[in-house]
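Just so we're clear, the structure is a prediction, and the values are computed from it rather than from any experiment. Residue numbers begin at 1 in each chain, while the letters A, B, ... track the order of the sequences.
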Amino acid sequence: MTLRLTNTLTRRIEAFEPQVPGQVGIYCCGVTVYDLCHLGHARSYIVWDVLRRYLQWRGYAVTFVQNFTDIDDKILHRAAAEGSSMEVVSERNIEAFFIDMDALNILRADRMPRATRCLDGIRALISELEAKGAAYSADGDVYFAVMKQADYGKLSGRDLSEQQEGASGRTASDEEARKQHPFDFALWKGAKPGEPSFASPWGPGRPGWHIECSAMVREELGETIDIHLGGADLIFPHHENEIAQSEAATGKPLARYWLHNGMVNVGGEKMSKSLGNFTTIRSLLESGVSPMTLRLFVLQAHYRKPLDFTTEALEAAATGWKGLAAALTLNTPAKAEADPAQLPAELAAARERFISAMDDDLNTSAALAVLFELAKPLRALANRLERGDTAATDEAASAPVTDRHALLHELAGVLGLAFTAAERDANATRGQSSAAPAGAAIEALIEQRRAAKAAKDFASADAIRAQLADQGIELIDKPGGITEWIQR
RNA sequence: GGCGGCAUGGCCAAGUGGUAAGGCAGAGGAUUGCAAAUCCUUUACCCCCAGUUCGAAUCUGGGUGCCGCCUCCA
């Protein structure tokens, strides 16, 4: 069995074989740090995190590189707007990026280069391109000449003569005037008065957007890497231009596999900053949505397809996660990773189905189905344990259960589905805030209700339930006369 | 105009030739003083038309609808 992935470059599903057996070099296009990340970023990085975890689980040594674009127009605009500096804006958003990604249980990249720290590599690359005649300078800017690259357009399947230049309505006329061809793009932008700038053979300025990735890839991973990742909206022009630059300089393929994730949509339209229809990861998490709910929501769809973000779908994912979590947290003797060779037939088959699904271009939707099936009996058992069923205690310690539990944990872990510390804390404090004044009042009412129930005065007991319900407090009776409450 | 993608039950979503995974929601039942939770059971001929085939959601052709990209973008 081999992993098969859809390669945008060839437009087909191909068996994945790294250049060096057992080792995989991955470059993932990161964020421009001018603002908080939204759900589109979350999807992209969750999906690629799963790819990385899966490769590692399958035994590959993965080197994962992800950049930060910490200089560009948007950052400068933001800095100007708030009266701070490019560095302040970048640092703040890089910090925020880590907080959000950590919360989503996305593994940190092995190396995280920043554009402003790779200037040497960038300048060197531009010089090489200039020497090879693939670049030209004009008025302090340096542009890449797309017509010099015979196969320009191979990734996005474009024929330049067929394109409507400026179809996106975003071209700057002053820049157009300096270009030899409308699709030429800036490698180096001359600084405008008052802008932060870096010295260069072409005068003070800063790197264009695309060049940083080419330079970083080469510096961190070499001339030809195994996998290059990014959102589908980066195929053109960003990735096309990366290919043009890198391959013009080295004469070698930049990446062997190009993978792209589908967009997150809202009401059928792409979620984006410019449309203003975005939800930040931060605000979603602060609204009480658990990180794992978001992960599950993302992983229930295939990574290449568009994914519509709706509250209904998110709620469905939340309930789904609750079910998986119940199985995951089953109180059973801890067991190390289950040895595949020792697994009972049913579990071995489940493991195989998981692998086949993931091997099939990361079919996480089908892989999740395996998880849910594994989880089902564990949930039932967890429920019996909670009710104080003593037989369940022995059952939970039995080999079939511990094996199943260990396998579920292992496979869920491959998808990055696990309780985060924060989530555990949230669960632990649930119904235990009696120290707070409001909590004390609630506890008092619960005690009253307990007394009423003992006296078979169910009318009073129900009145208390209703009263608390009005305040958004739900009571849950547990075995042994214990009543818990949760704030809705 | 060019390139690419998508259309499966109430919702989300797998399935790429052999008779429809999974999740959510709903319904019926069990259990519970009530409620929640839990358990059991249950709900589809796959956008339309034509074709290939013993057999198609799955292949081919033609439609229809929707989305992304065409120098901000994950």
Touch class at under 4.0 angstrom, heavy-atom based, for Tyr45(A) against every strand present: sugar-phosphate
For U19(B) and C24(B), measure between their C1' atoms and round to the nearest Å. 27 Å
Below 30° counts as parallel, above 60° as perpendicular, anything between as tilted: where do the rings of Phe183(A) and His181(A) land? tilted
Just checking Ala232(A): base, sugar-phosphate only, or nothing, at a heavy-atom cut-off of under 4.0 Å? nothing
Need one value for Arg465(A): base, sugar-phosphate or nothing, where a base atom within 4.0 Å counts as base even if backbone is also close, heavy atoms only. base
What contact category does His38(A) fall into here, base, sugar-phosphate, or nothing, at under 4.0 angstrom with non-hydrogen atoms? base
Among G33(B), C69(B), A37(B), which nucleotide sits nearest the side chain of Asn383(A)? A37(B)
Is there any side chain to side chain donor-acceptor pair (under 3.5 Å) pair reaching into residues 447-459 of chain A, and which pairs are they, with sequence neighbours excluded? Glu447(A)-Arg450(A), Arg449(A)-Asp477(A), Lys453(A)-Asp477(A), Asp457(A)-Ser460(A)
Winner on side-chain proximity to Phe183(A), out of G33(B), C70(B), C73(B), is C70(B)
Which of the following nucleotides, C70(B), C73(B), G22(B), is nearest to the side chain of Ala369(A)? G22(B)
Which nucleotide wins on minimum distance to the side chain of Ala380(A), given the candidates G2(B), A74(B), C39(B)? C39(B)
Any base atoms under 4.0 Å from Trp209(A), or only sugar-phosphate, or nothing? Heavy atoms, all strands. sugar-phosphate
Modelled atom types, side-chain donor and acceptor of Thr10(A) and Glu14(A), under 3.5 Å: yes
Side chains of Ser290(A) and Thr293(A): donor-acceptor distance under 3.5 Å anywhere? yes
Does C24(B) have OP1 or OP2 under 4.0 Å away from a side-chain N or O of Lys322(A)? no
Gln300(A) has a side chain; which of G23(B), C34(B), C67(B) sits nearest to it? G23(B)
Picking from C73(B), A21(B), C6(B), which would you name as closest to the side chain of Leu234(A)? C73(B)
Residue Arg379(A), side-chain heavy atoms: nucleotide from A74(B), C24(B), A14(B) that is nearest: C24(B)
Of the nucleotides A74(B), G33(B), A35(B), which has the atom closest to the His41(A) side chain? A74(B)
How is Gly323(A) classified with respect to the nucleic acid when contacts are heavy atoms under 4.0 Å: base, sugar-phosphate, or nothing? nothing
Measure from the side chain of Asp233(A), starting at C-beta and using heavy atoms only, and say which of A74(B), A37(B), C34(B) lies closest. A74(B)
Glu315(A) near the nucleic acid: base, sugar-phosphate alone, or nothing, with a heavy-atom cut-off under 4.0 Å? nothing
Aromatic contact between His228(A) and Tyr257(A), with the criterion being ring centroids under 6.0 Å apart: yes or no? no
Minimum-distance nucleotide (side-chain atoms of Lys270(A) versus C73(B), A74(B), C34(B)): C73(B)
Say we look at C49(B) and A7(B): how far apart would their C1' atoms be, to the nearest angstrom? 16 Å
Going by centres under 5.5 angstrom and planes under 30 degrees, do the aromatic ring of Phe372(A) and the base ring of G22(B) stack? no
Any residue meeting ring pair (Phe, Tyr, Trp, His ring centres under 6.0 Å) with Phe236(A), in chain and number order, not counting sequence neighbours: none
Report each atom pair, protein N/O against N/O of nucleotides 27-31 of chain B, whose distance is under 3.5 angstrom.
none

Suppose you measure atom P in G23(B) against the same atom in C39(B); what distance do you get, rounded to whole Å? 11 Å
